[in-house]
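Just so you know, these numbers come straight off a predicted model, no measurement behind them.
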Amino acid sequence: MSDDSGDTGVRSVTRALDLLALFDGPDRVFTVRELTDATGLAKTTVLRLVATLELRGLLWNHPDGHVCAGPGLLRWASLGRAAWELPAAARDVMRGLVAETAETANLYVRSATARVCVAKEEGPQNLRHHVPVGQPVPLWAGAASKILLQDGDPALLARVAALAPADTTPEALADQVAAAARDGYAISHGERELGVSGIAAPVRDSEGRVTAAIALGGPTVRFTAECIPGFVSAVAAAGARMSDIGLFPPPGGAAPQDAAPQETED
């Protein structure tokens with residue numbers, strides 16, 4: 001488990017968040033002993049973290065001693081959906097992109113030195129690449145990363161490159177980002193996962209800044225030299241349309257004027 005800071009308070013928060021992240025894996029229920037083994041922390045530390053997270057509703061202690069995700073996470077899930085819900089018109093653009101290309105469309109934003117998928121539309125084919133919404137993936141690889149790093153400074157590129165395999169240098173990464181900025185799109189083949197390709201284009205705010213990357217992802221065998229030009233054209237057009245629409249509510253919470261009202265649930 002990460003121990004990134006010498007500050008006791010920050011270290012405790014990091015440990016608690018890392019502990020909570022374990023429940024997003026294949027195992028959703030743990031004993032305290034299993035949590036202790038998974039984290040490498042002392043049992044007393046794990047017990048204290050579990051108790052604190054349980055008080056906030058983020059973990060739940062079964063009577064049999066097993067620990068699982070708590071009901072308080074429902075509130076945080078609702079908050080996340082409200083903050084990152086796309087306007088209906090932007091969602092329609094993603095659906096149109098899938099209909100045109102028959103590949104999966106993902107929308108990514110940058111989060112520190114990672115990129116996170118905040119919306120997706122699955123392609124219709126059985127063989128497709130799956131990136132869960134909300135899951136961070138490395139920023140040093142993939143077409144979407146080259147788009148999202150366009151406004152990054154040299155210090156950010158250096159931090160991202162430091163997390164990459166040894167053959168990825170800040171200079172090489174900067175060249176790839178510059179090429180994507182010049183071309184208006186980026187293409188990748190097997191950079192993060194062998195056999196997977198991607199094509200991405202920028203989504204910009206009203207000031208022209210890159211706020212997201214709209215991307216197609218799928219098996220490399222379908223991203224052929226014959227298909228790529230059409231895919232590039234479709235992705236670039238989708239990015240331009242989404243830029244015109246606007247993606248997320250501005251500060252203050254007002255929704256974009258052309259966004260359709262969102263349904264609510266009791």
Begin with the C-alpha distance, continue with both residues' side-chain angles, and end with the deciding distance and a verdict on side-chain hydrogen bond (donor to acceptor under 3.5 Å, both in side chains) for Glu193 and His129. CA-CA 10 Å; Glu193 187 174 342; His129 187 234; 3.1 Å; yes

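- The closest donor-acceptor contact from the side chain of Thr31 to the backbone of Val67 lies at 3.5 Å or more, if one exists at all.
- Each of Met242, Gln150, Arg209 was evaluated against Arg204; a single residue qualifies, Gln150, per the side chain to side chain contact (heavy atoms under 4.5 Å, CB included) test.
- Looking only at distances, no side-chain donor or acceptor of Gln135 sits under 3.5 Å from a matching main-chain atom of Val116.
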Residues Val203, Val210; criterion side chain to side chain contact (heavy atoms under 4.5 Å, CB included); working and verdict: CA-CA 6 Å; Val203 180; Val210 175; over 6 Å; no

Test salt bridge (charged side-chain N to carboxylate O under 4.0 Å, His left out) on Glu122 and Arg128; report intermediate values, then the result. CA-CA 8 Å; Glu122 294 278 6; Arg128 55 183 182 260; 3.0 Å; yes

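- Both Leu107 and Tyr185 are part of a single hydrophobic cluster, where members link through side-chain heavy atoms under 4.5 Å apart.
- Scanning all heavy atoms of the two residues, the minimum distance from Met94 to Ala105 falls at CE-O, 3.6 Å.
- Residues Cys68 and Arg28 have side chains not in contact (no heavy-atom distance under 4.5 Å, counting atoms from C-beta outward).
- No single ILVMFWY cluster, assembled from side-chain heavy atoms under 4.5 Å apart, contains both Val93 and Val98.
- The closest side-chain heavy-atom distance from Trp84 to Val133 is not below 4.5 Å.
- Donor-acceptor pairing under 3.5 Å is lacking for the side chains of His62 and Asp64.
- There is a path of hydrophobic side-chain contacts, each under 4.5 Å, that joins Leu47 to Leu49.
- No donor-acceptor pair under 3.5 Å is formed between the side chain of Arg159 and the backbone N or O of Ala112.
- A donor-acceptor pair under 3.5 Å links the side-chain atoms of Ser243 to the main chain of Gly239, judged by distance alone.
- The side chain to side chain donor-acceptor pair (under 3.5 Å) contacts involving residues 44-54 comprise Glu54-Asn61, where partners must be two or more places apart or lie in separate chains.
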List the steps, then state whether side chain to side chain contact (heavy atoms under 4.5 Å, CB included) holds for Val131 with Tyr108. CA-CA 10 Å; Val131 178; Tyr108 294 97; 3.7 Å; yes

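- You'll find the side chain of Glu103 reaches within 4.5 Å of the side chain of Phe231, heavy atoms only.
- Distance alone, capped at 3.5 Å, is enough to place a donor-acceptor pair between the Thr101 side chain and the Leu97 backbone.
- In terms of heavy-atom proximity, Ala90 sits nearest to Leu247 at CB-CD2, 4.0 Å.
- Of all the heavy atoms in Ala180 and Ala186, the pair that sits closest is CB-CB, 3.9 Å.
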Worked check of salt bridge (charged side-chain N to carboxylate O under 4.0 Å, His left out) between Glu100 and Arg95: CA-CA 9 Å; Glu100 183 176 352; Arg95 294 191 182 105; over 6 Å; no

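- Going from atom CG of Leu173 over to atom CH2 of Trp140 covers 10.5 Å, rounded to the nearest 0.5 Å.
- Within the 4.5 Å cutoff, side-chain heavy atoms of Leu22 are placed close to those of Thr39.
- At distances below 3.5 Å, not a single donor-acceptor pair connects side-chain atoms of Ser197 with backbone N or O atoms of His189.
- Using a 4.5 Å cut-off between side-chain heavy atoms of Ile, Leu, Val, Met, Phe, Trp and Tyr, with links allowed through other members, Ile199 and Val109 fall into the same hydrophobic cluster.
- When all heavy atoms of Ala213 and Leu148 are compared, the closest pair comes out as N-CD2, 3.7 Å.
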Walk me through it: do Thr104 and Leu216 pass the test side chain to side chain contact (heavy atoms under 4.5 Å, CB included)? CA-CA 6 Å; Thr104 295; Leu216 285 180; over 6 Å; no

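- With respect to the salt-bridge test (charged N to carboxylate O, under 4.0 angstrom), the residues Arg241 and Asp244 do not qualify.
- The two residues Lys120 and Cys117 have their closest heavy-atom pair at CB-SG, 4.1 Å.
- Within the 4.5 Å cutoff, no side-chain heavy atoms of Leu73 are placed close to those of Phe23.
- Atom CZ of Arg33 has 12 or fewer heavy atoms from other residues, nucleotides or ligands within 6.0 Å.
- Not one N or O on the side chain of Asp27 forms a donor-acceptor pair closer than 3.5 Å with the backbone of Val29.
- The backbone N or O of Leu139 sits less than 3.5 Å from a side-chain atom of Ser145, completing a donor-acceptor pair.
- For Arg115 (side chain) and Val137 (main-chain N/O), no donor-acceptor pair under 3.5 Å exists by modelled atom type.
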Assess the residue pair Leu156 and Leu149 against the criterion (side chain to side chain contact (heavy atoms under 4.5 Å, CB included)); give the C-alpha distance rounded to whole Å, side-chain angles, the decisive distance to 0.1 Å, and a yes or no. CA-CA 8 Å; Leu156 172 61; Leu149 285 170; 3.8 Å; yes

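- Leu157 is not listed as a side-chain neighbour of Asp153, based on a closest heavy-atom distance of 4.5 Å or more.
- Once rounded to the nearest 0.5 Å, the distance linking CG of Leu59 with CG of Leu53 reads 4.5 Å.
- Transitive grouping of hydrophobic side chains (ILVMFWY, heavy atoms separated by less than 4.5 Å) brings Val235 and Val118 into a common cluster.
- Between the Thr224 side chain and the Cys227 main chain, a donor and an acceptor come within less than 3.5 Å of each other.
- Thr36 approaches Leu41 most closely through the heavy-atom pair CG2-O, 3.1 Å.
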